[in-house]
Amino acid sequence: MTDICVVVPTIREYECIEAYVENARRHGFDTDRLSFVLVTEDFCDTDEMAALIDDLGVDGEVFDGSRRTEWFERQGVSEYDHLIPEASHAQTSFGLLYMWANDFEYGVFIDDDTLPHDDVDFFGTHMRNLDHDGEIEQVRSDEEWVNVLYQSDHDLYPRGYPYAAMDETVETEAAHVDEVVASQGLWTNVPDLDAVRILMDGDLQGQAQTRTTSEDYGTDFVAAPGQYLTVCSMNLAFRREVIPAFYQLPMDDNRWDVGRFDDIWSGLFLKRAADVLGKQVYNGDPLCEHNKAPRSTFSDLTNEVHGLELNEHVWEIVDDAGDDAESYAGVFRAMAQALAEGDFDDWENGPFLNYCGEYMLDWLSCLDEIDPGSLSDEPTAVPADD
């Protein structure tokens with residue numbers, strides 16, 4: 001039974017999927033469960049990508065911009081194709097729509113600059129995490145934020161971690177966890193830092209001079225209820241049920257030039273919904289090897305700077321939204337409305353948050369049209385202009 005949709009946004013190193021399939025077979029994981037969705041661009045060689053999937057003997061499809069347009073038409077939701085930005089990592093949202101239309105039970109996000117560790121069952125570990133029922137370390141801080149690198153001696157803070165929440169006091173305790181909805185695998189080699197922190201680490205090639213190893217990570221953990229954390233989509237598994245609250249926002253392809261916060265802010269939405277509904281986000285294994293290609297740190301800074309101030313506040317906006325909601329869609333709708341209707345003119349590019357809120361409402365409507373009645377307890381919305 002094919003029940004796991006593996007979404008890989010790629011324009012370069014799509015061959016990485018060969019290593020993930022090989023890892024699965026080496027560890028006895030049933031590759032018949034896997035279906036790969038490569039989300040790419042019209043200028044890429046989609047025939048070669050499709051041929052690789054076929055040669056590996058696994059299920060899968062390749063979607064460039066033209067094929068995505070055709071897919072929206074076949075689903076009868078062309079008015080929502082603006083939800084997927086052009087030339088952006090946030091195109092992972094297309095994989096979520098594909099999952100929703102095809103009834104996959106689980107999703108896995110993999111970035112094309114990563115590789116699995118040979119000695120770890122990548123897919124099997126993620127699936128075991130999602131089925132976790134038992135004690136695990138639970139982490140909180142006095143800043144209401146958990147640094148996923150808190151166990152490392154390098155004093156690093158990951159991309160998306162608010163600057164105002166640094167120098168936190170960390171507390172840990174054992175907690176029983178039995179409703180995991182997402183499994184975030186962390187990373188060795190190049191740490192996932194923002195450009196400001198990479199510059200402070202003395203690196204002009206977009207990578208950071210400090211590197212992480214398996215020794216930088218201790219026990220697996222969850223962030224306590226009411227605590228936020230960065231969620232990076234380079235190595236992430238999740239249950240289908242979270243899709244209504246997991247939209248990767250329309251980054252890069254917007255008039256404010258805000259980019260690089262699609263997975264970070266979707267992680268805030270996911271954590272808020274999980275807290276309201278009594279669910280958890282698991283963090284730690286399986287690690288992946290992150291081989292970020294050299295590029296100008298200043299180029300990354302240009303992409304990030306337009307959203308840096310907003311990133312300090314998004315979590316505060318959603319933190320009290322949807323308290324009484326009983327579904328992912330209900331919590332997400334409350335967060336969307338808080339963003340769509342808020343007055344954020346005091347912050348640089350504040351209206352971008354209103355724009356995101358409108359797209360979030362469209363996200364729910366699109367899901368409901370793809371699978372009519374799936375969000376029947378929620379009102380529909382009118383699509384936003386792209």
Side-chain angles (χ1 to χ4, degrees), residues 16 19-20 22-24 26-27 29 108-111 113-130 132 134-141 143 145-161 165-175 177 180 182-194 197-203 205-224 227 229-237 263-264 267 280-294 297:
C16 73
Y20 284 97
E22 180 182 341
N23 177 276
R26 179 185 302 116
H27 291 280
F29 190 86
V108 177
F109 284 160
I110 292 174
D111 276 6
D113 59 359
T114 68
L115 293 171
H117 285 225
D118 289 341
D119 60 341
V120 176
D121 179 359
F122 180 83
F123 293 107
T125 302
H126 270 310
M127 293 300 108
R128 286 190 292 274
N129 292 349
L130 291 173
H132 181 85
E135 275 202 351
I136 192 171
E137 185 163 274
Q138 180 172 269
V139 189
R140 67 171 62 250
S141 85
E143 296 290 348
W145 269 84
V146 171
N147 176 3
V148 298
L149 297 173
Y150 78 96
Q151 296 165 323
S152 170
D153 293 331
H154 292 307
D155 195 30
L156 297 174
Y157 286 92
R159 176 178 56 90
Y161 191 98
M166 293 171 61
D167 301 320
E168 74 284 8
T169 299
V170 177
E171 297 179 0
T172 64
E173 62 182 355
V177 165
V180 175
S183 166
Q184 176 176 210
L186 300 176
W187 9 263
T188 60
N189 195 25
V190 181
D192 183 33
L193 310 182
D194 67 24
R197 291 176 170 115
I198 292 173
L199 288 172
M200 294 299 292
D201 198 46
D203 189 280
Q205 298 301 308
Q207 294 183 308
Q209 293 186 2
T210 301
R211 299 301 168 93
T212 55
T213 67
S214 299
E215 285 67 42
D216 286 298
Y217 304 101
T219 59
D220 296 346
F221 62 94
V222 297
Q227 300 277 309
L229 76 166
T230 55
V231 173
C232 171
S233 65
M234 77 168 79
N235 173 11
L236 183 74
D263 51 354
I264 299 301
Q280 294 91 23
V281 177
Y282 190 109
N283 306 274
D285 282 330
L287 302 177
C288 72
E289 179 182 312
H290 183 209
N291 302 310
K292 183 180 179 183
T297 308

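All heavy atoms count here, side chains included; hydrogens, waters and symmetry mates do not.
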Contacts of type side-chain hydrogen bond (donor to acceptor under 3.5 Å, both in side chains), residue T114, not counting sequence neighbours: Y20
Any salt bridge (Lys or Arg N to Asp or Glu O under 4.0 Å) involving residues 206-224? Give me the pairs, sequence neighbours left out, ordered by first then second residue. none
Nearest-0.5 Å distance that lies between atom CZ in F122 and atom CE in M127: 9.0 Å
Qualifying residues under side-chain hydrogen bond (donor to acceptor under 3.5 Å, both in side chains), relative to Y150, sequence neighbours excluded: E137
Testing the basics here: between L115 and A19, what is the closest heavy-atom pair and its distance to 0.1 Å? CD2-CB, 3.7 Å
Quickly, which of D111, N235, N189, D113 forms a side-chain hydrogen bond (donor to acceptor under 3.5 Å, both in side chains) with H290? Name it, please. D113
Rounded to the nearest 0.5 Å, how far apart are CD of Q209 and CE of M200? 12.5 Å
Between P286 and V120, what is the shortest heavy-atom contact and its length? CB-CG1, 3.9 Å
Working to the nearest 0.5 angstrom, can you tell me the gap between L186 CG and C288 SG? 8.5 Å
Report the distance from atom CG of D285 to atom CG of D121, rounding to the nearest 0.5 Å. 11.0 Å
Neighbour count above 12 (heavy atom, 6.0 Å) for M166 CE: yes
Checking side chain to side chain contact (heavy atoms under 4.5 Å, CB included) for the pair V108/F123: CA distance, chi angles, key distance, verdict? CA-CA 9 Å; V108 177; F123 293 107; 4.3 Å; yes
Could you check if a side-chain atom of D201 sits within less than 4.5 angstrom of a side-chain atom of H154, using non-hydrogen atoms only? no
If we ignore hydrogens and angles and just use 3.5 Å, is the side chain of Q151 paired with the main-chain N or O of T219 as donor and acceptor? yes
Using every non-hydrogen atom in the two residues, find where T297 and G206 come nearest and quote the distance to one decimal. OG1-N, 2.6 Å
Non-hydrogen atoms of L229 and W145 that approach each other most closely: C-CZ3, 3.5 Å
S214 versus L287, closest heavy-atom pair with distance: OG-CD1, 3.7 Å
At what distance, to the nearest 0.5 angstrom, does CD of Q280 lie from CG of L130? 11.5 Å
Go through R197 and L156 one step at a time and tell me if the side chain to side chain contact (heavy atoms under 4.5 Å, CB included) criterion holds. CA-CA 8 Å; R197 291 176 170 115; L156 297 174; over 6 Å; no
Of all residues at least two apart in sequence or in a different chain, which pass the side-chain hydrogen bond (donor to acceptor under 3.5 Å, both in side chains) check with Q184? N283
Go through F29 and N23 one step at a time and tell me if the side chain to side chain contact (heavy atoms under 4.5 Å, CB included) criterion holds. CA-CA 8 Å; F29 190 86; N23 177 276; over 6 Å; no
Is there a side-chain contact between Q227 and V139 in this structure, where contact means two heavy atoms from C-beta onward sitting under 4.5 Å apart? no
With a 4.5 Å heavy-atom cut-off, do V146 and S141 have their side chains touching? no
H132 meets the side-chain hydrogen bond (donor to acceptor under 3.5 Å, both in side chains) criterion, sequence neighbours left out, with none
Atom pair CD1 (I198) and NZ (K292), whose distance is rounded to the nearest 0.5 Å: 4.0 Å
Take the angle between the ring planes of Y157 and Y161 and call it parallel below 30°, perpendicular above 60°, tilted in between. tilted
Between the side chain of N129 and the main-chain N/O of S183, is any donor-acceptor distance below 3.5 Å? no
Kindly write out the residues that satisfy salt bridge (Lys or Arg N to Asp or Glu O under 4.0 Å) with R159, not counting sequence neighbours, or none if the list is empty. D192, D263
Identify the heavy atoms of A208 and D203 that sit nearest to each other, and give their distance. N-CG, 3.4 Å
